[in-house]
Amino acid sequence: MSEADYRILIVDDDSAQAEMMSEFLRISGFKHIERTDTIHGFWRLFNQREYDIILLDYRLPDGTGLDVLDQMAKQKRQVPIIMVTGQGNERIAAQAILRGASDYLLKSGDYLVTLPTLINKSIQAHRLKLSIQKSFDQIRYQALLLNNVRDAIVVWDLTGKITYWNP
């Protein structure tokens, strides 16, 4: 999947900022960008479609971005989220990362220039995490199979040392 195919959801109550982000991302090659300005609107869209990444403002009219991160964790929903906010507070940034945000970006200066790179980095890191998780799940499943086979299974290394045997 190319970056043009990434589905991006911008959650920001400042319509001028959201429009500017959206247009800059379109110019940068991203095609599928949607916007909403409330947490309620976020859940409505998020439950209708799948997104590759969410750009989430901290302060919204019906709550905070941290509330969204908490709900996502409770529901075990795994989508990379970048907290993009005008709140330049290290405490909020740390809380966002601890609660599951993949990154935190302050709306100041030339933040738009770094946004496409940050989006790509966050999506690739998320895909790597999912791939590793899938590999571990496969290993656990194979170990479960080996431990429940009725035949004896013994594994030796190249020096003749037994490295595994099933019960």
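This one's a predicted model, so the numbers in the text were calculated from it and none came from an experiment.
Leu145 and Tyr164 fall into different hydrophobic clusters, defined by Ile, Leu, Val, Met, Phe, Trp and Tyr side-chain heavy atoms under 4.5 Å apart, directly or through other members. Ile27 and Ile119 are assigned to two separate hydrophobic clusters, defined by single-linkage of ILVMFWY side chains at heavy-atom distances under 4.5 Å. Under the 4.5 Å side-chain heavy-atom criterion for Ile, Leu, Val, Met, Phe, Trp and Tyr, Leu130 and Ile123 are members of distinct hydrophobic clusters. Hydrophobic clustering of Ile, Leu, Val, Met, Phe, Trp and Tyr side chains at less than 4.5 Å, counting indirect connections, keeps Trp165 apart from Val155.
Proximity of a side-chain donor or acceptor of Ser122 to a complementary backbone N or O of Leu118 within less than 3.5 Å is detected.
For the atom pair Leu56 CG and Leu9 CG, the distance stands at 9.0 Å (nearest 0.5 Å). Between the CG atom of Leu115 and the CD1 atom of Ile8 there is a distance of 7.5 Å, given to the nearest 0.5 Å. Taking CG of Leu25 as the start and CG of Leu112 as the end, the distance is 7.5 Å to the nearest 0.5 Å.
Within 6.0 Å of CD in Glu50 there are 12 or fewer heavy atoms belonging to other residues, nucleotides or ligands. Residue-environment remark: CH2 (Trp43) exceeds the threshold of 12 foreign heavy atoms within 6.0 Å.
Test Gln95, Lys74, Arg99 against Leu69 for side chain to side chain contact (heavy atoms under 4.5 Å, CB included) and you get one pass: Arg99.
Within the structure, the salt bridge (Lys or Arg N to Asp or Glu O under 4.0 Å) test picks out the following pairs touching residues 23-45 (sequence neighbours left out): Arg7-Glu34, Glu19-Arg35, Glu23-Arg26, Glu34-Arg49.
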